[in-house]
Protein chains: 2
Amino acid sequence: MSSPSRAPRHTLSRERLVAAALDLADSEGISALTIRALASGLGVKPMAIYHHVANKDEILDAIVDAVYAETYLPRPYAPWREELARRTRSVHDALNRHPWALGLMETRKAPGPANLASHEAVLEVLLTAGFSLGATAHAYATLDAFVYGFCLQEVMLDSIDLAGSADDLLAGMNLTGHPRMAQFAAEHVLQPGYAFGDSFEVGLGLVLDGLEQLRRSA
Amino acid sequence: MSSPSRAPRHTLSRERLVAAALDLADSEGISALTIRALASGLGVKPMAIYHHVANKDEILDAIVDAVYAETYLPRPYAPWREELARRTRSVHDALNRHPWALGLMETRKAPGPANLASHEAVLEVLLTAGFSLGATAHAYATLDAFVYGFCLQEVMLDSIDLAGSADDLLAGMNLTGHPRMAQFAAEHVLQPGYAFGDSFEVGLGLVLDGLEQLRRSA
DNA sequence: ACCTGAACACCGTTCAAGT
DNA sequence: ACCTGAACACCGTTCAAGT
């Protein structure tokens, strides 16, 4: 007879492990994703993890690629502007669902399969739409810069200490000596209905307009 | 007579400490910036650090703000497009000199004085150039998205394992099944003279063109 | 084949003590 | 006022051992 405190065998797998890691990062934050906490959540001892992955980095690689796997793959031979808009919104949404992903991307050493598939799809759309190789490089770099950077700003805004009211927050910063920020806050940011995220569609349209110029000129 | 192994007193200061932290992050990487390593480099015991800062987060806040302090402050009443181009290039350069800064920005809870001064200067330029409050918000969000996101991509590209030749690298990824990436690599990225960073000026011009549209329409 | 216990070399940080 | 020693509660990971 087996001890009741012993976990059943063969229940751990790479997939279960990666799914649990992603859930833990989403619910408790990336700093709570430790091998020990992950094991404990799976009802297993820390060292059991290492039977399914070589090290923690492999887990981080996997959850970053899982985020790419959630994004829309644009189709060639469909209107390129709408396809790229949809894929860019989809990346934006995925990075908002998993705000820890951006930080991890900086230190990944190899792109995963979903990342590569996403890359391939975007390249195919641009090349099929008639972008030259050079214009494709510039277009892709600029569009991805926009979506990554926009999400980064959203993460930064979310991490700013929001204890107390917005007025308290602004009072805490030294807005005396910064009249434009004070004006901008009072007359725009603190007005009802303002949302940083509303700039996303404006910026996206602006960048897509620029891509069309690139496509025409090359 | 004092023991030779004892560090002289009063040599530690907040400034020396922050400068040493920035140097350490630049030279050895952000993961090498530990309280213990920092203390050792300053010829002091770890706990001496805590006499000048409350905790490690305060050091990270300080070195992030030091990066902002290196960036160009745009002037109002000068041609706004050239001023913002110069400031954007300057942010790009600073983030390339200190590639660890982007990752830290995501978790900072309060903007430092140099960060606020930068914010103020950009707002003043946009408002003085005739951007409405709404257009200013969209313009600033889009321009910063571009530069942060572009730098993030550069950090990501730098962290990709570059052991061996570029051909080995591409062979390591599964480019079979990804014909567009294979084509793009062979015919463009691997050609002599290609550099990812060349897309920066193109994207910047594209975004600034878009800002001019925003300024006119609002 | 899969899981565990104990240990190692690290962290940031508290607390009490020295000069 | 400024610095230190020892200790605590954490990490990821190695190694040898259990079933």
Side-chain angles (χ1 to χ4, degrees), chain A residues 1-22 24-25 27-64 100 103-104 106-109 159, chain B residues 1-22 24-25 27-64 100 103-104 106-109 159:
Chain A
M1 57 194 79
S2 65
S3 151
S5 64
R6 178 173 298 283
R9 286 173 170 254
H10 300 273
T11 57
L12 209 56
S13 68
R14 212 192 125 95
E15 291 87 60
R16 281 230 314 141
L17 199 154
V18 169
L22 203 144
L24 190 54
S27 57
E28 309 284 331
I30 192 67
S31 66
L33 174 52
T34 66
I35 296 286
R36 286 159 150 98
L38 185 57
S40 155
L42 288 162
V44 100
K45 299 294 171 189
M47 288 318 298
I49 304 284
Y50 288 90
H51 221 270
H52 298 88
V53 291
N55 50 38
K56 186 176 177 178
D57 243 42
E58 210 171 295
I59 299 174
L60 300 182
D61 285 343
I63 63 175
V64 166
W100 41 263
L104 291 188
E106 285 175 65
T107 50
R108 295 309 92 202
K109 288 211 216 146
S159 76
Chain B
M1 58 194 78
S2 64
S3 151
S5 64
R6 178 173 298 282
R9 285 170 172 254
H10 300 273
T11 56
L12 209 55
S13 68
R14 213 192 124 94
E15 292 86 60
R16 283 230 313 140
L17 199 154
V18 169
L22 203 143
L24 190 54
S27 57
E28 309 283 331
I30 193 66
S31 66
L33 173 53
T34 67
I35 297 286
R36 285 159 150 99
L38 185 57
S40 155
L42 288 162
V44 100
K45 299 294 171 187
M47 288 317 300
I49 304 283
Y50 288 90
H51 222 270
H52 299 88
V53 291
N55 49 38
K56 187 176 177 179
D57 243 41
E58 208 171 298
I59 300 174
L60 300 182
D61 285 342
I63 62 176
V64 166
W100 41 264
L104 290 188
E106 285 175 65
T107 50
R108 294 310 90 203
K109 289 211 218 151
S159 76

Visitor: Return the value, rounded to whole Å, for the distance between atom NE2 of B/His51 and atom C1' of C/dT19.
Guide: 12 Å
Visitor: Under the 3.5 angstrom rule, does the side chain of A/His52 hit a backbone N or O of A/Leu17 as a donor-acceptor pair?
Guide: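 No; judged by distance alone, with no hydrogens or angles, the pair does not exist.
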Visitor: How close or far is atom P of C/dC10 from atom CG of B/Leu38, stated in whole angstroms?
Guide: 17 Å
Visitor: Rounded to whole Å, please give me the gap between NZ in A/Lys45 and P in C/dC3.
Guide: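 The distance from NZ of A/Lys45 to P of C/dC3 comes to 13 Å, rounded to the nearest Å.
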Visitor: Using Watson-Crick or G-U wobble geometry with both distances below 3.5 Å, tell me the partner of D/dT19, or none.
Guide: C/dA1
Visitor: Quick one: A/Ile59 CD1 to D/dG12 C1', roughly how many Å, whole number?
Guide: 11 Å
Visitor: Whole angstrom is fine here: how far is it from CD1 in A/Ile35 over to P in D/dC10?
Guide: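 Taking atom P of D/dC10 as the reference, CD1 of A/Ile35 is at 17 Å.
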Visitor: Rounding to a whole Å, what distance do you find between B/Ile49:CD1 and D/dC2:C1'?
Guide: 13 Å
Visitor: At what distance, to the nearest 0.5 angstrom, does CD1 of A/Ile59 lie from CG of A/Leu22?
Guide: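 Taking CD1 in A/Ile59 and CG in A/Leu22, the distance rounds to 11.5 Å.
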Visitor: With nearest nucleotides of DNA chain C determined for B/Lys56 and A/Pro46 from heavy-atom distances, which residue corresponds to the more 5′ nucleotide?
Guide: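 It is A/Pro46 whose nearest nucleotide is closer to the 5' end.
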Visitor: Tabulate below the donor-acceptor pairs under 3.5 Å that side-chain atoms of residues 32-51 of chain A make, not counting sequence neighbours, or state none.
Guide:
residue, atom, partner, partner atom, Å
A/Thr34, OG1, A/Ala37, N, 3.0

Visitor: Rounded to whole Å, please give me the gap between CZ in A/Arg36 and P in C/dT4.
Guide: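 Spelled out: CZ on A/Arg36 to P on C/dT4 is 14 Å.
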Visitor: Which nucleotide, in any strand shown, forms a Watson-Crick or G-U wobble pair with D/dT14, with both distances under 3.5 Å?
Guide: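 Check on D/dT14: paired to C/dA6, both distances under 3.5 Å.
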Visitor: Check the distance between D/dA16's P and A/Met47's CE and give it to me in whole angstrom.
Guide: 13 Å
Visitor: Quick check for you: among D/dT13, C/dG12, C/dT4, whose closest atom lies nearest to any side-chain atom of A/Ala48?
Guide: C/dT4
Visitor: Measuring from B/Lys109:NZ to B/Leu60:CG, what's the distance to the nearest 0.5 Å?
Guide: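 Interatomic distance, B/Lys109 NZ to B/Leu60 CG, rounded to 0.5 Å: 12.0 Å.
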